[in-house]
Amino acid sequence: MDRPDGGWERLGRPGVCAATGRRVCGSLDQRLGKGSLKGGPSIMLNHPVQHRPHSSFAVTPKSPSSLTDTLDTSTRTRWEAALAGHQQSIRRGTTLASEGDQPAHLFVVLEGWMQKYRQLPDGRRQIVGFCLPGQVCDVNLLTRLRLGHTLEALESVRVAALDHDGLAEILGHCPGLERALYRADMIAANIEREWLVNIGARSALERVAHLLCELFVRQDPLLIGDEVRFPIIQTELAEATGLTPVHVNRVLRDLRMEHGASARNHKLRITNFAALAKLAGFRRDYLGFDDS
């Protein structure tokens with residue numbers, strides 16, 4: 001389960017994330033290009049940004065948890081055009097925003113996975129969410145509320161970052177976008193509540209099975225295939241389920257041998273989704289699906 005490859009701090013020592021103590025590359029001004037993101041992709045974190053046409057956005061088709069898939073054609077075109085002008089490529093492990101930060105940008109994942117986590121003073125972490133392609137990481141920019149978690153690239157990612165003025169401009173042109181952002185935030189809250197139930201009430205086997213079902217459906221809503229991407233190592237899976245890595249290893253072995261679900265080589269394979277969902281007590285309505 002080892003992964004092959006391989007933030008932006010706002011206060012504290014240059015090159016160190018104030019919330020986690022992790023080293024990050026360069027100062028904030030260096031990474032932002034001192035000019036903010038308004039008007040174009042000024043961030044050059046690791047390598048030049050390669051702009052791509054809108055159609056190349058790695059967005060999961062017909063997924064309620066993907067903001068883009070909930071927009072009408074006109075709004076979607078404007079939204080994708082706005083994102084195309086503010087995108088950048090970021091390396092795995094880069095911190096985009098830290099717990100306690102005043103939000104400066106609205107981040108949208110275009111390719112790759114992001115993770116949100118809280119870290120205790122002794123270094124222990126709890127992952128509180130994964131952001132997949134097409135999804136908004138947080139809407140704190142609309143409320144100006146300080147972040148309650150750290151946002152980090154789980155792997156090499158491509159994101160778009162809109163500052164307050166840029167977001168206000170697109171909202172002015174697309175009245176339906178604010179409703180879509182609100183809906184996306186509600187789905188994110190639903191997921192967080194489900195994770196709370198996962199840790200507080202479900203067994204270890206049920207916890208891991210439920211999370212695997214969720215991450216599968218968020219990528220393949222129609223269950224067309226039996227395999228999706230899974231760039232998560234066992235340590236991260238343990239931090240997301242409140243288990244130890246050793247316990248997660250045993251659970252994954254049991255799921256592979258007895259329930260036809262395997263997570264290895266960056267792939268999640270589920271041969272009998274209905275059976276695994278029954279084992280986990282998984283229902284996808286909290287992800288925004290209406291199966292009534």
Side-chain angles (χ1 to χ4, degrees), residues 1-5 58-66 69 92 109 111-115 127-135 154-157 187-188 190-292:
M1 296 287 291
D2 288 337
R3 187 170 50 224
D5 60 356
V59 175
T60 304
K62 298 182 179 179
S63 172
S65 58
S66 168
D69 291 332
R92 177 176 70 89
V109 183
E111 291 180 2
W113 290 29
M114 303 289 297
Q115 63 177 337
I127 293 177
V128 297
F130 295 114
C131 300
L132 277 57
Q135 296 175 338
L154 184 67
E155 57 178 339
S156 294
V157 300
I187 292 176
N190 286 346
I191 293 175
E192 290 177 1
R193 283 189 288 268
E194 196 67 31
W195 281 34
L196 181 61
V197 173
N198 218 27
I199 293 177
R202 294 188 175 105
S203 68
L205 187 66
E206 292 168 338
R207 289 184 205 182
V208 176
H210 195 279
L211 184 56
L212 296 185
C213 286
E214 176 190 303
L215 295 175
F216 194 100
V217 168
R218 287 171 64 182
Q219 298 180 81
D220 185 3
L222 302 181
L223 302 179
I224 295 174
D226 61 6
E227 188 175 271
V228 296
R229 292 194 68 241
F230 196 74
I232 301 174
I233 60 176
Q234 289 186 11
T235 300
E236 293 158 346
L237 192 55
E239 291 173 335
T241 55
L243 302 170
T244 66
V246 173
H247 201 167
V248 166
N249 183 275
R250 291 198 298 265
V251 169
L252 289 175
R253 180 191 59 198
D254 292 344
L255 288 173
R256 182 176 65 251
M257 297 178 63
E258 300 180 20
H259 302 283
S262 62
R264 52 174 55 177
N265 300 323
H266 312 288
K267 298 291 184 181
L268 170 60
R269 182 179 178 87
I270 301 178
T271 57
N272 189 337
F273 186 89
L276 190 66
K278 182 177 180 180
L279 169 69
F282 175 82
R283 294 179 53 187
R284 65 178 194 166
D285 53 348
Y286 73 96
L287 297 174
F289 292 93
D290 183 4
D291 295 325
S292 58

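Heavy atoms only: backbone and side chains are in, while hydrogens, waters and symmetry mates are out.
Using cut-offs of 30° and 60° for the angle between ring planes, the F282 and F273 rings count as perpendicular.
At a threshold of 4.5 Å between non-hydrogen side-chain atoms, the residues L237 and V251 do not count as touching. Side-chain contact between F130 and Q115 is present, with at least one heavy-atom pair separated by less than 4.5 Å. Put simply, the side chain of H259 reaches to within 4.5 Å of the side chain of L205, judged on heavy atoms. Residues R229 and W113 form a side-chain contact, since some pair of their non-hydrogen atoms from C-beta on lies under 4.5 Å apart.
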Salt bridge (charged side-chain N to carboxylate O under 4.0 Å, His left out) evaluation trace for R202 with E194: CA-CA 11 Å; R202 294 188 175 105; E194 196 67 31; 2.8 Å; yes
Trace of the side chain to side chain contact (heavy atoms under 4.5 Å, CB included) decision for E214 with Y286: CA-CA 10 Å; E214 176 190 303; Y286 73 96; 2.8 Å; yes
Derivation of the side chain to side chain contact (heavy atoms under 4.5 Å, CB included) call for V208 and L252: CA-CA 8 Å; V208 176; L252 289 175; 4.0 Å; yes
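A distance of 6.0 Å separates NE2 of H210 from CG of N198, quoted to the nearest 0.5 Å. For the atom pair NE2 of H247 and CD of Q234, the computed distance is 12.0 Å after rounding to the nearest 0.5 Å. We find the CG-CD distance between L268 and Q219 to be 7.5 Å, quoted to the nearest 0.5 Å. N190 CG to R193 CZ: the interatomic distance, rounded to the nearest 0.5 Å, is 5.0 Å. The SG atom of C213 sits 13.5 Å away from atom CZ of R283, with the distance rounded to the nearest 0.5 Å. Considering CD1 of I232 and CD of E155, their distance stands at 9.5 Å, rounded to 0.5 Å.
Between W195 and L211, the shortest heavy-atom distance links the atoms CZ2-CD1, 3.5 Å. The nearest pair of heavy atoms linking P231 to L154 is O-CD2, 3.7 Å. The shortest heavy-atom contact between L279 and A209 is CD2-CB, 4.3 Å. When all heavy atoms are compared, the tightest approach of T244 to A238 is C-CB, 3.7 Å. Contact detail for F216 and G225: the closest heavy-atom pair is CZ-O, 3.5 Å. A261 and L276 make their closest contact through CB-CD2, 3.9 Å (heavy atoms, listed as atom of the first residue, atom of the second, distance).
Looking at R207, its side chain does come within 3.5 Å of a backbone N or O of T241 through a donor-acceptor pair. The backbone N or O of I127 sits nowhere less than 3.5 Å from a side-chain atom of E239 that would complete a donor-acceptor pair. With hydrogens and angles disregarded, no donor-acceptor distance shorter than 3.5 Å links the side chain of D226 to the backbone of T271. A distance-only check finds no donor-acceptor pair linking the side chain of N272 to the backbone of G260 [under 3.5 Å]. The backbone N or O of S262 lies less than 3.5 Å from no partner atom in the side chain of R256, so there is not a single donor-acceptor pair.
Checking each of V128, L287, L196 against I191 for a side-chain contact (heavy atoms from CB on, under 4.5 Å) leaves exactly one that passes, namely L287.
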